[in-house]
Amino acid sequence: MKGMIEMKTLVILAHPDIENSRINKKWKEELEKYPDEIKVHELYKEYPDWNINVEKEHKLIEGYDNIIIQFPMYWCSCPPLLKKWFDDVWTFNWAYGPEGDKLKNRKIGLAISAGSLEESYTLPVNEILSPFKASTIHVGAEFLPYFSLFGTVHDMSDEKVAQSSVEYVEYIKNI
């Protein structure tokens, strides 16, 4: 892709309390074992004041073909800073519009954790995630199948969480 500085995957991690997270923290730790292939960008760490540096984010994103957006699913949506990030960063004439082609032809996927069983949702998860898919398609990117771990976090074994982190890395490597 023209202008690319790197070909590895950028993971936008949006968890408001990563230190107390079992799943997202473990996923992050596993991803960080592969710095030559995967860059983790933590929004809550980078922007504790919620003042997003849009130019910095644009430059970062422009360096990657593959982008994974990792977050815990809250009330069938994403954490609020991630929503603000989309609103601030995916701008007119950058992400979309007559000159907005910076996300075109990139691959964008989601990595979600949820504290409930998948069957407990009243809608299929694909439908719940449809705003992310619609936004991705709108900017000309390819929406990848999502990676997920569902279940009651407190009842989930450490082995299952660890196994999911290995599977997550494989998901990214197979993009």
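Predicted model only: the values in this text are computed from it and were never measured. Numbering of residues begins at 1 and proceeds along the displayed sequence.
- Under the side-chain hydrogen bond (donor to acceptor under 3.5 Å, both in side chains) rule, Lys59 has a single partner from Glu55, Glu62, Glu57, which is Glu55.
- Enclosure of atom NZ in Lys133 is not indicated, since only 12 or fewer non-hydrogen atoms of other residues, nucleotides or ligands lie within 6.0 angstrom.
- The cluster map of Ile, Leu, Val, Met, Phe, Trp and Tyr, joined by side-chain heavy atoms under 4.5 Å apart, puts Ile69 and Tyr74 in different clusters.
- Annotation: side-chain contact (heavy atoms from CB on, under 4.5 Å) contacts of His138 (sequence neighbours excluded): Tyr96.
- For the pair Ile172/Val11, a side-chain contact is recorded, criterion being any heavy-atom separation below 4.5 Å from C-beta on.
- By the salt bridge (Lys or Arg N to Asp or Glu O under 4.0 Å) test, Lys26 pairs with no residue at all, sequence neighbours left out.
- A salt bridge between Glu30 and Lys33 is present, with a side-chain N of the basic residue lying under 4.0 Å from a carboxylate O of the acidic one.
- Put simply, the side chain of Lys8 does not reach to within 4.5 Å of the side chain of Tyr34, judged on heavy atoms.
- Taking CD1 of Ile67 as the start and CG of Leu110 as the end, the distance is 11.5 Å to the nearest 0.5 Å.
- Hydrophobic cluster membership is shared by Tyr146 and Leu123, with clusters built from Ile, Leu, Val, Met, Phe, Trp and Tyr side chains linked at under 4.5 angstrom.
- Taking the six-membered ring for Trp and the full ring otherwise, Phe147 and Trp27 have centroids separated by under 6.0 Å.
- The nearest pair of heavy atoms linking His58 to Val89 is NE2-O, 2.7 Å.
- Partners of Pro48 under the side-chain contact (heavy atoms from CB on, under 4.5 Å) rule, at least two apart in sequence or in another chain, do not exist in this structure.
- Side chains of Trp94 and Ile61 form a contact here, defined as non-hydrogen atoms less than 4.5 Å apart.
- Residues Thr136 and Leu103 fail the side-chain proximity criterion, which asks for heavy atoms closer than 4.5 Å.
- The shortest distance between side-chain heavy atoms of Ile112 and Phe71 falls below 4.5 Å.
- Ser135 is not listed as a side-chain neighbour of Phe86, based on a closest heavy-atom distance of 4.5 Å or more.
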